[in-house]
Enquirer: 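Sharing a structure, written as structure tokens. Questions coming.
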Amino acid sequence: MTGATWAVLAVTVLIVGGAGAGLWWGAASARAQVEAEAPAVLDGFLSSATSGDAGWADYVSPQFAASAPAIPLFGDAAAAEVIELSVSAQAGPVSYGTSAVAREASPDGEDIAWATVDLTYSFVVDGAPQTATATQLVWLARPFYYGDDQPAEAVDGKTPSRVGPWRVAAIAMATPDQLDGRSIAAETTYTTSKPVTRCKLPQDALVSLAEAARLNGALGGPCINDGGAVAAAEGIDAAELASQLPALNYQSTMPEALGLVGSYDVPAPLAELRIAAGSDEYVFVYAVTGAGGQRTSTSDARLIAISKAETR
């Protein structure tokens, strides 16, 4: 995921399906199915994604599936096991619109939908249970067909011959103006003894780690969890990994930090960096610290775990 989304929500709904799948428009039974479909797709996606189940891909557009390097909202399965991750989701009602312009909250004739989702992350850092929360918008879309096999946006005043299925198209950070006055969830129980200026981003922490590995032949540095404890998956030799880490500095081409949720001003509670070292790819897991129980733009990112990347 980038800072805001794993996938850019397209204005058109070409992203959601091929010509073969669809719901015929018009009959009362089909209309009832349409009205129930988007919430059911959302629930199915959240249930699978938050449990680390690969079945999440059944509920999303092909482009969304291709853009996610790991399980959305959950991250790499092997890394999740190391930090004993569990995720719960609470979705609000589904709203509907056309081409990203909100209309009344009805599925009739709409080609996009969205819902606010509150997430709670439970994980372990150096043996201590931690909890963090986040708020996201989950976007869905569906294609309309007008007498041919070409998927299109909904067209006002024109009756489609059929309508394709709803699919999750993107996940994005909810902004305050999208939440009708309620606050964005950004709590965390994870704290460290003191902030470190050079550890604001996972990439900063990675540079610090690579520098320590180069100078000392060990995984260390100021951006490690307090006490220097980092959970490592079974079979990882920390000294060998330190010798294989590429030399990095702030001018290096850096891997993208993949937050488990999108973020703007408030950083994601957990983020992953994938690094090739030797013949393997590793996942470095970072937790974001809080002050007064809240994550803020001044929070630190601290390395808490390392695993070998799960193969998708």
Side-chain angles (χ1 to χ4, degrees), residues 1-3 52 69-71 74-85 121 123-130 132 188 190-260 267-290 295 299-312:
M1 179 181 68
T2 63
I71 300 172
F74 193 82
D76 184 87
E81 185 175 350
V82 174
I83 63 172
E84 301 178 36
L85 179 68
Y121 287 87
F123 54 101
V124 173
V125 179
D126 194 18
Q130 307 290 343
T188 185
Y190 178 54
T191 60
T192 51
S193 58
K194 61 181 180 179
V196 178
T197 302
R198 63 187 296 189
C199 303
K200 298 305 178 189
L201 299 173
Q203 289 92 336
D204 298 333
L206 180 61
V207 168
S208 173
L209 184 75
E211 184 179 67
R214 179 177 61 84
L215 295 176
N216 306 319
L219 300 178
C223 302
I224 300 289
N225 176 54
D226 271 1
V230 175
E234 184 177 354
I236 291 180
D237 185 318
E240 181 181 1
L241 177 57
S243 70
Q244 294 175 335
L245 276 181
L248 296 171
N249 57 44
Y250 291 103
Q251 283 70 51
S252 301
T253 300
M254 300 293 288
E256 183 179 12
L258 303 172
L260 300 196
L270 295 164
E272 297 176 350
L273 283 172
R274 289 181 171 233
I275 303 294
S279 59
D280 294 306
E281 185 179 35
Y282 293 86
V283 176
F284 292 72
V285 183
Y286 295 84
V288 171
T289 64
R295 300 189 312 281
S299 294
D300 289 352
R302 299 296 183 94
L303 178 66
I304 62 168
I306 303 170
S307 72
K308 289 187 178 179
E310 183 88 349
T311 301
R312 286 186 62 200

Enquirer: Could you check whether any side-chain heavy atom of Cys223 comes within less than 4.5 Å of a side-chain heavy atom of Leu206, counting everything from C-beta outward?
Expert: no
Enquirer: Would you name the heavy atoms of Ala213 and Ala242 that are closest together and state the gap between them?
Expert: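 Minimum heavy-atom separation between Ala213 and Ala242: CB-O, 3.5 Å.
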Enquirer: Decide side-chain contact (heavy atoms from CB on, under 4.5 Å) for Tyr190 and Asn225; before the verdict, give the C-alpha distance in whole Å, the side-chain angles of both, and the deciding distance to 0.1 Å.
Expert: CA-CA 10 Å; Tyr190 178 54; Asn225 176 54; 2.7 Å; yes
Enquirer: Once rounded to the nearest 0.5 Å, what's the spacing between atom OG of Ser208 and atom CD1 of Ile224?
Expert: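 It is 7.5 Å, given to the nearest 0.5 Å.
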Enquirer: To check you understand the geometry: which heavy-atom pair defines the closest contact between Ser299 and Gly290, and what is its length?
Expert: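 That closest heavy-atom pairing would be OG-CA, 4.4 Å.
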Enquirer: In sequence, state the C-alpha distance, the side-chain angles, and the governing distance for Lys194 and Asp226, and then conclude on salt bridge (charged side-chain N to carboxylate O under 4.0 Å, His left out).
Expert: CA-CA 9 Å; Lys194 61 181 180 179; Asp226 271 1; over 6 Å; no
Enquirer: For the residue pair Gly75 and Glu272, what are the closest heavy atoms and their distance?
Expert: CA-OE2, 3.6 Å
Enquirer: Would you please name every residue forming a side chain to side chain contact (heavy atoms under 4.5 Å, CB included) with Ala218, sequence neighbours left out?
Expert: none
Enquirer: For Ala205 versus Ala301, what's the shortest heavy-atom pair and its separation?
Expert: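 Of all heavy-atom pairs spanning Ala205 and Ala301, the closest is CB-O, 3.8 Å.
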Enquirer: I'd like to check Leu245 versus Phe284 (side-chain heavy atoms, cut-off strictly below 4.5 Å). Are they in contact?
Expert: yes
Enquirer: What's the verdict on side-chain contact (heavy atoms from CB on, under 4.5 Å) for Thr191 and Thr289, showing C-alpha distance, side-chain angles and the deciding distance?
Expert: CA-CA 5 Å; Thr191 60; Thr289 64; 5.7 Å; no
Enquirer: Within a strict 4.5 Å, meaning less than it, do heavy atoms of the Arg302 and Thr192 side chains meet?
Expert: yes
Enquirer: Mind checking what makes salt bridge (Lys or Arg N to Asp or Glu O under 4.0 Å) contact with Glu281, not counting sequence neighbours?
Expert: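 So Glu281 forms a salt bridge (Lys or Arg N to Asp or Glu O under 4.0 Å) with Arg274.
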Enquirer: Enter the distance from Leu248:CG to Leu209:CG here, rounded to the nearest 0.5 Å.
Expert: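 The CG atom of Leu209 is 9.0 Å from CG of Leu248, to the nearest 0.5 Å.
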Enquirer: When rounded to the nearest 0.5 angstrom, what is the spacing between OG1 in Thr188 and CD in Gln130?
Expert: 6.5 Å
Enquirer: Could you walk me through whether Asp76 and Leu258 pass the side-chain contact (heavy atoms from CB on, under 4.5 Å) check?
Expert: CA-CA 10 Å; Asp76 184 87; Leu258 303 172; over 6 Å; no
Enquirer: Test Ile306 against Val283 for side-chain contact (heavy atoms from CB on, under 4.5 Å), laying out the working first.
Expert: CA-CA 6 Å; Ile306 303 170; Val283 176; over 6 Å; no
Enquirer: Between Glu81 and Ser307, is there a side-chain heavy-atom distance shorter than 4.5 Å?
Expert: no
Enquirer: Evaluate the side-chain proximity of Val230 to Ile304: yes if any heavy-atom separation is below 4.5 Å, no if none is.
Expert: no
Enquirer: Can you find a heavy atom in the side chain of Val82 that is under 4.5 Å from one in the side chain of Val285?
Expert: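 In short, these two side chains do not touch, never coming nearer than 4.5 Å.
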Enquirer: Taking atom CD of Gln244 as the centre, report whether more than 12 heavy atoms of other residues, nucleotides or ligands fall under 6.0 Å from it.
Expert: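 More than 12 heavy atoms, drawn from other residues, nucleotides or ligands, come within 6.0 Å of this atom.
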Enquirer: When rounded to the nearest 0.5 angstrom, what distance separates OG in Ser243 from CG in Leu219?
Expert: 9.5 Å
Enquirer: Do Leu270 and Tyr286 have side chains that approach each other closer than 4.5 Å (heavy atoms only, starting at C-beta)?
Expert: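 No; the side chains remain at least 4.5 Å from each other.
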Enquirer: Could you pull out the closest heavy-atom pair between Cys199 and Asp204, with the gap in Å?
Expert: CA-CB, 4.2 Å
Enquirer: Would a 4.5 Å heavy-atom cut-off, applied to side chains only, mark Leu85 and Phe74 as touching?
Expert: yes
